[in-house]
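What you see is a predicted model, and the numbers here were worked out from it, not measured in a lab.
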Amino acid sequence: LEGETLAQRWSTGPALRVDKTIEIAIAIVSALAKVHAEGIAHGDIEPGNVYLVKSARGGDFVPKLIGFGLNRVTARNSEHGRASITTMAAFAYAAPEQVSGTTLESSRADLYSVAALVYAGLAGRTPHQGMSPLELAEAISHQPVPPLATLKKELTAFSSTLDRALQRDPTKRFPDAASFERGLRTALAMGRIVGA
């Protein structure tokens with residue numbers, strides 16, 4: 001693939017516009033709707049697994065979700081049968097049930113991770129903070145995500161969608177990728193109206 005990962009883009013800039021960040025999320029969630037319908041969960045959605053492929057038309061990029069199956073391979077090779085998250089960067093986007101080890105991969109955990117990506121792209125920080133993997137795990141497992149609107153008031157239009165998608169309890173999140181995509185599209189439309 002010709003392009004760069006979202007992690008590389010964030011580290012080298014220029015910063016992505018708010019609408020572009022939401023459009024990336026919509027593309028990812030749309031792809032997840034298709035694979036989830038086939039009974040496949042990704043399990044490791046983080047900025048290094050979102051690839052921004054240069055568009056053949058030029059001037060823009062197409063987001064692609066890569067890294068399918070990595071968690072399953074790690075889990076099979078692990079001594080205890082659990083996936084290990086090897087970097088703090090990837091760990092920061094894991095759903096609470098993945099951090100606790102109760103669920104390695106599920107469609108709702110995937111959607112949580114996409115919401116965490118959007119949150120980080122808009123807020124400039126991950127939903128939870130920690131100086132060590134243990135601190136970060138404690139925060140993800142026990143602390144609510146600060147509402148986006150409390151960090152940046154100008155992003156209020158996106159707050160309710162992300163707040164719901166980032167609930168610790170999976171049953172309180174969007175039930176599937178299609179409903180999360182609708183929420184993102186509505187938030188994007190509202191954001192454009194407010195911005196105008």
Side-chain angles (χ1 to χ4, degrees), residues 5-7 10 16-52 61-68 71 90-100 102-128 140-141 144-152 155-195:
T5 66
L6 185 58
W10 282 351
L16 292 169
R17 295 189 327 255
V18 169
D19 60 339
K20 186 53 72 177
T21 299
I22 300 296
E23 287 168 6
I24 289 170
I26 289 170
I28 294 169
V29 171
S30 177
L32 285 173
K34 294 178 177 80
V35 297
H36 288 169
E38 298 295 323
I40 299 168
H42 188 284
D44 190 24
I45 297 172
E46 49 99 357
N49 280 335
V50 175
Y51 208 87
L52 307 177
F61 55 81
V62 178
K64 302 283 185 183
L65 191 54
I66 61 174
F68 279 88
N71 243 355
F91 198 59
Y93 299 92
E97 60 271 26
Q98 290 175 297
V99 170
S100 69
T102 57
T103 301
L104 296 182
E105 53 198 31
S106 71
S107 57
R108 289 194 187 198
D110 281 351
L111 300 180
Y112 179 100
S113 295
V114 174
L117 279 176
V118 176
Y119 188 100
L122 298 181
R125 54 156 279 188
T126 54
H128 292 98
I140 293 170
S141 299
V145 175
L148 187 62
T150 63
L151 300 178
K152 293 190 173 185
L155 298 175
T156 299
F158 307 102
S159 193
S160 65
T161 300
L162 291 182
D163 294 348
R164 179 177 177 188
L166 291 168
Q167 291 291 314
R168 281 199 313 272
D169 180 350
T171 64
K172 294 183 178 177
R173 300 178 202 150
F174 289 96
D176 53 42
S179 58
F180 187 26
E181 182 179 349
R182 284 192 298 274
L184 287 169
R185 288 186 184 280
T186 300
L188 181 58
M190 292 301 296
R192 285 179 171 154
I193 291 168
V194 170

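- Under the 4.5 Å side-chain criterion, counting only non-hydrogen atoms from C-beta, Leu122 is not in contact with Lys152.
- Minimum heavy-atom separation, Ala165 to Ala115: CB-CB, 3.5 Å.
- Here NE2 of His128 is found 8.0 Å from CG of Leu166. Values are rounded to the nearest 0.5 Å.
- For Arg168 against Glu97, the heavy-atom pair with the smallest separation is O-OE1, 4.2 Å.
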In sequence, state the C-alpha distance, the side-chain angles, and the governing distance for Ser179 and Asp176, and then conclude on side-chain hydrogen bond (donor to acceptor under 3.5 Å, both in side chains). CA-CA 6 Å; Ser179 58; Asp176 53 42; 2.9 Å; yes
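- The heavy-atom pair separating His36 from Leu111 by the smallest distance is CE1-CD2, 4.4 Å.
- In this structure, Arg164 satisfies the cation-pi test against Phe174, with its NZ or CZ atom closer than 6.0 Å to the six-membered ring centre and inside 45 degrees of the ring normal.
- Annotation: side chain of Pro47 is in contact with side chain of Trp10 (closest heavy-atom distance under 4.5 Å).
- With hydrogens and angles disregarded, no donor-acceptor distance shorter than 3.5 Å links the side chain of Ser159 to the backbone of Leu155.
- With contacts defined as side-chain heavy-atom distances shorter than 4.5 Å, the pair Leu184/Thr161 qualifies.
- Here His42 contributes atom NE2 and Ile66 contributes atom CD1; the two are 7.5 Å apart, rounded to the nearest 0.5 Å.
- In this structure, CD1 in Ile28 is found 9.5 Å from CZ in Phe180, a value given to the nearest 0.5 Å.
- At least one donor-acceptor pair closer than 3.5 Å links the side chain of Thr21 to the backbone N or O of Arg17.
- Checked by atom type and distance alone, the side chain of Asp110 never pairs as donor or acceptor with a backbone atom of Leu32 at under 3.5 Å.
- Atom-to-atom distance recorded for Lys34:NZ and Glu38:CD is 11.0 Å, nearest 0.5 angstrom.
- The nearest pair of heavy atoms linking Ala157 to Ala187 is O-CB, 3.7 Å.
- When atom types are taken as modelled, the side chain of Arg125 and the backbone of Pro127 share a donor-acceptor pair closer than 3.5 angstrom.
- Within the 3.5 Å criterion, the main-chain N or O of Pro146 finds a donor-acceptor partner in the side chain of Tyr119.
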Run the numbers on Met190 and Leu188 for side-chain contact (heavy atoms from CB on, under 4.5 Å), then give the verdict. CA-CA 5 Å; Met190 292 301 296; Leu188 181 58; over 6 Å; no
Please report the C-alpha distance between Thr156 and Leu148 in whole Å, then the side-chain angles of each, then the deciding distance to 0.1 Å, and finally whether the side-chain contact (heavy atoms from CB on, under 4.5 Å) criterion is met. CA-CA 7 Å; Thr156 299; Leu148 187 62; over 6 Å; no
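- Geometrically, Lys20 engages Phe61 in a cation-pi contact, judged by NZ or CZ lying under 6.0 Å from the ring centre and within 45° of the ring axis.
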Can Arg108 and Thr171 be said to form a side-chain contact (heavy atoms from CB on, under 4.5 Å), step by step? CA-CA 8 Å; Arg108 289 194 187 198; Thr171 64; 4.1 Å; yes
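- Atom-to-atom distance recorded for Ile140:CD1 and Tyr93:OH is 10.5 Å, nearest 0.5 angstrom.
- Nearest heavy atoms, Ala41 versus Ser107: CB-N, 4.2 Å.
- Of the inter-residue distances, the one linking Leu52 atom CG with Ile24 atom CD1 reads 5.0 Å to the nearest 0.5 angstrom.
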Could you go step by step and tell me if Tyr112 and Val145 meet the side-chain contact (heavy atoms from CB on, under 4.5 Å) rule? CA-CA 11 Å; Tyr112 179 100; Val145 175; 4.1 Å; yes
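- Under the 4.5 Å side-chain criterion, counting only non-hydrogen atoms from C-beta, Gln167 is not in contact with Pro144.
- Under the 4.5 Å side-chain criterion, counting only non-hydrogen atoms from C-beta, Ser106 is not in contact with Gln98.
- A donor-acceptor pair is defined here as one N or O able to donate and one able to accept, closer than 3.5 Å; no such pair exists between the side chain of Thr5 and the backbone of Gly48.
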